[in-house]
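Input: a single structure, listed below in structure tokens.
As the structure is a computational prediction, the values presented were derived from the model and not from experiment.
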Amino acid sequence: MHAIATLGSDARESSNDPAAEPARPSACPIHTLFRGSGAGVPLGRRLTILATGLVAYLMFVGAFTYAIGFVANLVVPKSIDSGTPGPLVPSLIVNGLLLALFAVQHTIMARPRFKRWLARFVPEAMERSLFVAAASGSLMLLFWQWRPLPDTIWHVDHPILRWLLIGVSLSGYAIVFAASWMINHFDLFGLRQTWHGVAGTPRPGINFVLTGFYRFVRHPLMTGFLIAFWVTPTMTVGHLFFAAMTTAYIIVGTWIEERDLIANLGDTYRNYRKQVPAFLPIPR
């Protein structure tokens with residue numbers, strides 16, 4: 001869930017006093033890393049922040065890329081329908097627990113109270129990277145331990161229609177990727193925080209803006225995932241269970257996150273929610 005996707009652009013309060021402006025990071029965070037005490041952050045801490053940010057982002061890239069093949073049954077060694085099927089009920093229980101682990105991790109770590117608690121133990125610049133790493137790790141566990149349930153609900157044999165459905169499904173992931181860049185991709189996945197943490201400078205705030213897909217739906221990231229999960233030439237019991245459970249979590253998770261956004265933005269977000277639908281670009 002990323003209701004933060006409705007936020008974008010850097011915001012910095014203007015001031016006539018140059019001393020009031022936060023220091024900008026150097027053009028290259030690697031140069032900043034070895035500036036000694038110039039950034040005001042010990043070298044060991046900067047190294048830790050940098051390593052955590054890079055590892056978390058690589059984990060995200062790996063998990064996201066594998067997820068495409070996993071759901072679409074393409075290329076990857078273990079997909080949603082591959083492997084030896086087991087009994088229905090135990091398989092549903094295991095798969096449900098794997099999905100619940102991802103949902104619980106996502107929901108808890110995204111809450112402001114948890115972020116404040118975590119800030120007592122780790123630098124603020126690492127918080128988002130730890131969230132991304134934990135989310136990616138729970139997805140990797142799901143890919144590894146998923147129990148296939150390959151009984152077919154529907155199947156499309158016509159090759160043109162089949163590849164058309166695959167193309168529409170893959171376009172869902174393209175929407176997700178594009179939507180992340182319409183706001184701040186690197187902030188969403190922790191690298192912007194890493195940059196400022198290494199530089200020892202405060203991260204600028206974020207303004208509420210409307211851009212790209214966010215003018216038509218409030219959660220285009222989730223719209224992309226819904227397309228990717230539901231549009232398929234072959235729907236099996238396991239795939240249906242995955243799509244239904246993730247859809248339920250998307251609905252509940254976005255509702256929880258919108259409560260946080262209203263608490264932070266007040267009428268600005270209330271008005272946005274009245275004017276723009278959540279997932280489908282249906283004019284109001």
Side-chain angles (χ1 to χ4, degrees), residues 1-2 56 59-111 114 131-159 161-173 175-176 219 221-257 279:
M1 305 282 78
H2 296 293
M59 288 179 67
F60 150 71
V61 172
F64 184 80
T65 304
Y66 196 97
I68 297 173
F70 179 81
V71 176
N73 289 296
L74 296 172
V75 182
V76 298
K78 187 178 187 304
S79 68
I80 199 168
D81 293 324
S82 66
T84 303
L88 175 63
V89 174
S91 296
L92 289 175
I93 292 174
V94 171
N95 293 344
L97 289 174
L98 291 169
L99 289 165
L101 175 63
F102 176 80
V104 169
Q105 172 273 319
H106 235 62
T107 302
I108 292 177
M109 292 191 71
R111 302 282 66 76
F114 180 88
F131 172 89
V132 171
S136 301
S138 62
L139 277 179
M140 293 174 184
L141 178 63
L142 184 148
F143 301 150
W144 176 37
Q145 290 297 320
W146 182 263
R147 304 298 195 260
L149 294 167
D151 290 342
T152 302
I153 296 175
W154 75 67
H155 178 75
V156 176
D157 282 319
H158 194 285
L161 184 56
R162 184 175 183 82
W163 280 106
L164 177 62
L165 291 173
I166 292 174
V168 172
S169 178
L170 294 178
S171 73
Y173 294 106
I175 291 173
V176 172
H219 306 285
L221 288 165
M222 300 304 111
T223 298
F225 281 126
L226 291 172
I227 293 172
F229 296 161
W230 282 101
V231 179
T232 176
T234 302
M235 178 64 80
T236 62
V237 172
H239 192 148
L240 178 63
F241 182 75
F242 177 88
M245 292 290 287
T246 52
T247 299
Y249 175 63
I250 284 172
I251 294 171
V252 174
T254 52
W255 177 77
I256 293 173
E257 285 194 321
F279 307 114

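Atoms CG and CD, from Leu97 and Gln145 in turn, are 11.5 Å apart once rounded to the nearest 0.5 Å. Remark: Leu221 CG to Ile175 CD1 distance equals 10.0 Å, nearest 0.5 Å. Atom OG1 in Thr254 sits 4.5 Å away from atom NE2 in His219 (nearest 0.5 Å). One distance of note links CG of Asp81 with CE of Met235; it measures 9.5 Å at 0.5 Å rounding. Here Trp230 contributes atom CH2 and Ser169 contributes atom OG; the two are 12.5 Å apart, rounded to the nearest 0.5 Å. Taking OG1 of Thr236 as the start and CD1 of Ile153 as the end, the distance is 7.0 Å to the nearest 0.5 Å.
Taking each heavy atom of Met245 and Leu99 in turn, the nearest pair found is CB-CD1, 3.5 Å. Scanning both residues, Val231 and Leu165, for their nearest heavy atoms gives CG1-O, 3.5 Å. Listed here is the closest heavy atom pair of Ala67 and Tyr173: O-OH, 3.7 Å. Of all heavy-atom pairs spanning Phe279 and Thr223, the tightest one is O-OG1, 2.6 Å. For the residue pair Ser171 and Ile227, the shortest heavy atom distance occurs at OG-CG2, 4.4 Å. Summarising the geometry of His239 relative to Val71, their closest heavy-atom pair is CE1-O, 3.5 Å, with the distance given to 0.1 Å.
Between Leu141 and Leu101 there is a side-chain heavy-atom pair separated by less than 4.5 Å. Leu170 places a side-chain heavy atom less than 4.5 Å from the side chain of Ile68. Residues Ile256 and Arg111 meet the side-chain proximity criterion, which asks for heavy atoms closer than 4.5 Å. Taking 4.5 Å as the limit, every side-chain heavy atom of Phe64 sits out of range of all side-chain heavy atoms of Leu139. Ile80 is listed as a side-chain neighbour of Trp146, based on a closest heavy-atom distance under 4.5 Å.
The one candidate from His155, Arg162, His158 that meets the side chain to side chain contact (heavy atoms under 4.5 Å, CB included) condition with Pro233 is Arg162.
In this structure, Thr65 contributes its side chain and Val61 its backbone to a donor-acceptor pair below 3.5 Å.
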Inset, instruction - Kindly indicate, with the supporting measurements, whether the criterion side chain to side chain contact (heavy atoms under 4.5 Å, CB included) is fulfilled by Thr247 and Phe242. - result: CA-CA 8 Å; Thr247 299; Phe242 177 88; over 6 Å; no
Inset, instruction - For Val176 and Phe225, run side chain to side chain contact (heavy atoms under 4.5 Å, CB included): C-alpha distance rounded to whole Å, both residues' side-chain angles, the deciding distance at 0.1 Å, then the answer. - result: CA-CA 7 Å; Val176 172; Phe225 281 126; 3.8 Å; yes
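Under the side-chain contact (heavy atoms from CB on, under 4.5 Å) criterion, Ser82 pairs with Lys78, Ser79, not counting sequence neighbours. The side-chain contact (heavy atoms from CB on, under 4.5 Å) search around Gln105 returns Phe102, Met109, Phe131, Ala134, Ala135, Ser138, not counting sequence neighbours. Listed by chain and residue number, Leu88, Leu149, Phe241 satisfy the side-chain contact (heavy atoms from CB on, under 4.5 Å) test with Leu92 (two or more places apart in sequence, or in another chain).
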